[in-house]
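Each remark here refers to the structure printed beneath this line.
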Amino acid sequence: MSESYDAKAIEAKWQARWNADGLYRVGADPSRPKFLFVTMYPYPSGDLHIGHWYAMTPSDAKARYLSMRGHNVLFPMGFDAFGLPAENAAIQHGIHPYKWTMANIERMRGQLRSMGAMFDWSREVVTCHPEYYTWNQWFFLKFYEAGLAYRAMAAVDWCPNCNTTLAREQVVGADRVCERCGTPVIKKDLEQWFFRITKYADELLDFSKMEWPERVETLQRNWIGRSEGAEIVYTSEQGDPITVFTTRPDTLFGATFLVLAPEHPLVEKLTTPQHRAEVTAYVYRARRQTEIERLAEDREKTGVSIGAYARHPLTNARIPIYVGDYVLLTYGTGAIHAVPAHDSRDFEFARKYRLPIPVVIAPPDWDGKPLADAYNGEGVLVNSGAFDGLRSQEAKQRITEALEQAGRGRAAVTYRLRDWLISRQRYWGTPIPIVYCRACGAVPVPYADLPVVLPEDAEFLPTGESPLKHNDGFLRTMCPKCGGTAERETDTMDTFVDSSWYQFRYLDPHNGAAPFDAAKLRAWAPVDQYTGGIEHAVMHLMYARFFTKAMRDLGLVPFDEPMLRLFNQGIILGPDGNRMSKSRGNVVNPDDYVGTMGADVVRAYLMFIGPWDGGGPWNPKGIEGVHRFLLRVWHLVVDPPPAGRVPSPEAAAQVRRTIHQTLRRVTDDLEGFRFNTAVAALMECTNALGRLREEGAAETAEWQPALRALALMLAPLTPHLAEELWVRLGGAYSVHRQAWPAWDPAAVHEDTMTLVLQVNGRVRDRVTVPAGLDDVHLREAAFGSDKVRKFLDGKSVEDVIVVPGKLVNVVAR
RNA sequence: GGGCGAGUGUCGGAAUCGGCAGACGAGGCGGACUUAAAAUUCGCUGGCCGGAACGGCCGUGUGGGUUCGACUCCCACCUCGCCCACCA
């Protein structure tokens with residue numbers, strides 16, 4: 001009767017010991033290279049989900065591996081503790097957001113500990129503590145002084161369910177819904193606070209200083225949406241300059257009308273009395289439409305003439321001005337010149353309103369007749385005066401130059417990126433440290449008065465309004481400038497402000513004098529490896545980059561990018577292949593499996609499912625296979641070997657070769673985040689050792705070192721089991737302080753190899769030959785094969801391809 | 001409409017400096033152990049044609065191409081997924 005594997009007891013024992021010993025407390029250590037490994041901190045929603053395990057335990061495995069490789073690894077953890085769910089819980093259940101959040105954090109801490117991860121809890125960051133958010137306010141003031149934070153009236157996105165404004169990044173999908181709750185957003189004109197992220201648009205397009213997944217770079221690049229072109233100044237007949245932006249200055253001579261966005265300031269001024277009623281009605285309708293709901297994407301292009309005309313900057317042609325809702329005030333200059341022949345939208349519009357459609361770029365094989373459709377491609381210019389015959393590329397340049405010389409335009413770049421709207425009309429966030437004084441206007445709270453603390457006695461009512469608006473103790477204050485009565489800003493900050501710099505707070509989490517000590521920051525930052533979901537590609541990950549660049553310009557950090565390397569793990573789906581959700585009833589609770597099979601099994605299974613960036617369905621049967629694997633490892637080490645077996649002379653070398661070949665594979669795989677194949681290699685190794693053991697290999701001198709090496713290789717993946725086996729094998733506590741073993745090229749070497757024999761590229765035979773044979777002998781081996789000869793029968797050999805160490809291919813006709 | 005990514009057994013997946021397709025695991029089938037079941041353990045498991053072969057043919061979404069040799073490279077297409085989308 002062999003001792004059984006009691007995962008629960010083993011895991012509890014070692015977790016307690018590691019904790020008592022402070023095994024994972026990390027301090028400065030100049031003798032080892034630092035490695036800051038951060039995985040995205042969770043929102044304290046109440047329960048740790050299998051998705052958290054999927055994100056965090058492979059990260060932990062990699063962090064542990066790097067630690068064994070000699071790095072001084074800091075792997076911190078914290079909580080993204082501000083946010084709407086806490087406030088909604090307050091409204092629904094009458095529990096204060098602080099209490100709700102802290103209770104959830106308490107619960108989740110315990111669940112996080114059950115992972116057996118190497119989190120350094122002494123550095124925990126909780127963003128809803130004033131000791132944290134005071135620095136959000138501090139950064140806000142710094143940004144304000146630097147002109148990076150500003151207040152402006154704007155038509156902003158408002159979620160009627162969350163009762164707050166949203167950043168553009170938080171409005172998603174073709175139907176423009178709230179990223180959090182899926183409610184269609186509406187537009188509101190409000191005075192809001194913005195961070196000037198657009199200042200860094202060009203720099204944010206430079207990814208050369210880090211190694212991030214191509215996918216994230218592409219998403220950010222598309223989001224920033226840089227377009228090169230020209231700004232062209234038309235002039236109204238009343239003398240007003242009307243600036244338009246185009247990416248196709250080469251089509252300038254094809255412009256036949258202008259279209260202004262309904263909100264464009266010149267609409268009001270230029271509309272003639274005869275057209276006023278119609279234009280006013282149109283603008284009113286357009287604004288209502290955007291306010292109510294976005295309509296279908298393929299809706300008809302509409303517009304009305306405002307009765308006014310402009311002059312073409314190069315031809316002086318008289319050009320009618322329209323207002324049309326397909327032109328957006330928020331992009332470019334809010335006005336376009338329409339080139340119907342070479343833009344589908346303009347074409348549609350021109351057709352509808354019977355405007356001329358002159359061709360200025362000759363489509364290939366053009367017969368000179370009117371176009372049936374817009375030709376959007378590039379080509380050779382026609383009907384373009386002095387520019388006829390030029391190709392689009394050159395024409396763009398030359399026409400832009402001509403405009404510049406005439407003082408009627410210039411080369412210009414436009415971005416899709418908008419400034420980051422950070423104001424939220426909610427309680428549970430960082431108060432914006434601004435006071436409004438009737439005499440002095442918006443006045444920043446002095447640094448000495450920070451933090452502006454959230455009042456505890458707020459009332460949470462389902463009115464949709466922030467409780468701060470009705471909390472006199474908070475609201476009424478004194479103007480820091482003139483001492484007169486004043487009111488506080490009642491908006492709080494987007495929680496993405498918290499997560500834009502939390503990675504650096506880990507380095508000095510209790511500093512009361514600064515967000516972090518400069519020396520500590522230099523010692524650890526930037527983040528060497530960051531891991532988390534792709535869903536943050538254009539929100540958190542872009543804001544964090546912006547923040548770092550702004551901090552750099554304020555002299556606070558000596559680098560340009562917050563996270564040097566990034567890995568995006570996939571998403572774990574329910575057993576039915578769908579996204580897990582309570583309503584579907586397909587939610588997998590990790591605690592259930594931790595309680596029965598153990599944390600190590602859950603860890604190893606999540607890593608084994610497939611490539612980490614792939615995610616995939618949770619398979620309740622699949623985890624049993626991994627459970628069996630760990631049982632096999634357990635019994636391999638713990639059970640007494642079969643008695644009376646006499647090992648073969650090669651046994652010792654075979655054991656050594658098995659281990660070192662596995663070491664090579666596992667090392668490569670962990671370097672490349674290929675946890676699935678690392679686990680597979682360890683399975684193969686365990687199976688091979690099991691067979692060798694049956695043949696008496698346990699009697700050889702290589703056996704115990706092999707088992708110890710196996711324990712070391714398991715340490716990053718299944719830390720508790722590895723520790724138990726390591727200590728049982730006589731290793732010095734702790735396995736997690738051991739060096740990762742190097743694989744020995746000599747031990748990996750095989751004496752023989754399987755030589756693949758092909759005839760005309762098709763495998764016809766496989767023979768075992770001594771390793772390292774030269775071409776001549778490999779040829780001999782090929783022609784020595786009966787099967788090869790059989791397939792060569794009646795043919796003449798034309799060529800023989802020899803790939804040493806792999807194959808011989810005989811080419812015959 | 002634009003961009004990005006992916007198509008391999010029944011399933012998750014392995015193998016891409018071009019060189020044994022299907023490692024590892026799940027599932028299935030069969031055997032051992034057991035009164036029985038579970039657990040454990042051993043064997044088989046891409047398809048087709050063979051009684052069988054230590055036989056042959058086919059096979060990595062489809063169709064072409066390059067090559068001695070293609071899951072891998074090139075071209076075209078199909079399907080799916082994700083992101084963006086009246087962006088001038």
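Keep in mind that what you see is a predicted model, and the values were worked out from it rather than measured. Order of the sequence lines fixes the chain letters, A, B, ..., with proteins taken first and strands second; residue numbering starts at 1 for each chain. For the numbers below, each heavy atom of this structure counts, side chains included, while hydrogens, waters and symmetry mates do not.
Ranking B/rC20, B/rC84, B/rC82 by closeness to the A/W223 side chain, first place goes to B/rC84. Comparing atom distances between the A/N687 side chain and each of B/rC24, B/rC68, B/rC20 picks out B/rC24 as nearest. Closest to the side chain of A/Y331, from the set B/rG13, B/rC87, B/rA15, is B/rC87. Nearest to the side-chain atoms of A/K621 among the listed nucleotides B/rA88, B/rC24, B/rA26 stands B/rA26. Here B/rA88 is the nucleotide among B/rA88, B/rG25, B/rG3 with the atom lying nearest to any side-chain atom of A/R345. Distances from the side chain of A/V763 to the nucleotides B/rA88, B/rA85, B/rA21 place B/rA21 closest. Closest to the side chain of A/E684, from the set B/rA23, B/rC20, B/rG3, is B/rA23. Comparing B/rG25, B/rA21, B/rA88 by their closest approach to the side chain of A/M683 singles out B/rG25.
When the P atom is used for both B/rU45 and B/rA53, the distance is 11 Å, rounded to whole Å. Remark: the separation of the C1' atoms in B/rC78 and B/rA14 is 26 Å, to the nearest Å.
Legend: residues meeting ring-ring contact (aromatic ring centres under 6.0 Å, His included) with A/W420, ordered by chain and number and at least two apart, are A/F195, A/Y543. Under the ring-ring contact (aromatic ring centres under 6.0 Å, His included) criterion, A/Y331 pairs with no residue at all, not counting sequence neighbours. Every residue meeting the side chain to side chain contact (heavy atoms under 4.5 Å, CB included) condition with A/E179, not counting sequence neighbours, appears here in chain and number order: A/Q170, A/V172, A/M539. Looking at residues two or more places apart in sequence or on another chain, you find no side-chain hydrogen bond (donor to acceptor under 3.5 Å, both in side chains) involving A/R215. A/F257 pairs by the ring-ring contact (aromatic ring centres under 6.0 Å, His included) definition with A/Y322, A/F349, not counting sequence neighbours. For A/W743, there are no ring-ring contact (aromatic ring centres under 6.0 Å, His included) partners, not counting sequence neighbours. When the salt bridge (Lys or Arg N to Asp or Glu O under 4.0 Å) test is applied to A/K790, no partner is found at least two apart in sequence or on another chain.
Within the 4.0 Å cut-off from OP1 or OP2 of B/rC87, not a single side-chain nitrogen or oxygen of A/R226 is found. A/S344 has no side-chain polar atom (N or O) that falls below the 4.0 Å cut-off from OP1 or OP2 of B/rC86. Phosphate proximity of B/rG2 to A/N222: absent, as no side-chain N or O sits under 4.0 Å from OP1 or OP2. At B/rG2, none of the side-chain N or O atoms of A/N376 fall inside 4.0 Å of OP1 or OP2 (strictly under the cut-off). Taking side-chain N and O atoms only, A/R632 has a distance below 4.0 Å to OP1 or OP2 of B/rG25.
Salt-bridge check for A/R645 with A/E695: failed, with every basic side-chain N at 4.0 Å or more from each acidic carboxylate O.
Residues from residues 793-803 of chain A placing a heavy atom under 4.0 Å of any atom in RNA chain B, listed by number, are A/I801, A/V803. Near RNA chain B, defined here as any heavy-atom distance below 4.0 Å, the residues from residues 606-616 of chain A are A/F608, A/I609, A/P611, listed numerically.
B/rG13 adopts an anti glycosidic conformation, its chi angle falling more than 90° from 0. In this structure, B/rG9 shows a glycosidic angle within 90 degrees of zero, which is the syn conformation.
The salt bridge (Lys or Arg N to Asp or Glu O under 4.0 Å) analysis of residues 220-230 of chain A, with sequence neighbours excluded, yields the pairs A/D202-A/R226, A/E217-A/R221, A/R226-A/E228. For the salt bridge (Lys or Arg N to Asp or Glu O under 4.0 Å) condition, the pairs that include at least one residue of residues 674-693 of chain A, sequence neighbours left out, are A/R665-A/E684, A/D669-A/R674.
At a threshold of 4.0 angstrom between heavy atoms, the contacts of A/N676 are confined to the sugar-phosphate backbone, with no base atom among them.
Mapping A/T247 and A/Q758 onto RNA chain B via the closest heavy atom, the residue that lands nearer the 5' end is A/Q758.
The side-chain tip of A/R603 does not point at the ring of A/W53 from less than 6.0 angstrom away and within 45° of straight on.
Summarising the geometry, the separation between CG on A/D669 and C1' on B/rA15 is reported as 12 Å, rounded to the nearest angstrom. In this structure, CD of A/E263 is placed 13 Å from C1' of B/rC86, rounded to the nearest angstrom. Atom CG in A/L219 sits roughly 18 Å away from atom P in B/rG2 (whole-Å rounding). Put simply, CZ on A/R693 is 13 Å from P on B/rU41, counting in whole angstrom units. Between A/W618 atom CH2 and B/rG12 atom P there is a gap of 17 Å when expressed in whole angstrom units.
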Heteroatom pairs (N/O) under 3.5 angstrom, protein to nucleotides 54-60 of chain B:
| unit_1 | atom_1 | unit_2 | atom_2 | d |
| --- | --- | --- | --- | --- |
| B/rC57 | OP1 | A/R764 | NH2 | 3.4 |
| B/rC57 | OP2 | A/R764 | NH1 | 3.1 |
| B/rC58 | OP2 | A/R762 | NH1 | 3.0 |
| B/rC58 | OP2 | A/R762 | NH2 | 2.6 |

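One finds the CZ atom of A/F253 at 8.5 Å from the CG atom of A/L381 (value rounded to the nearest 0.5 Å).
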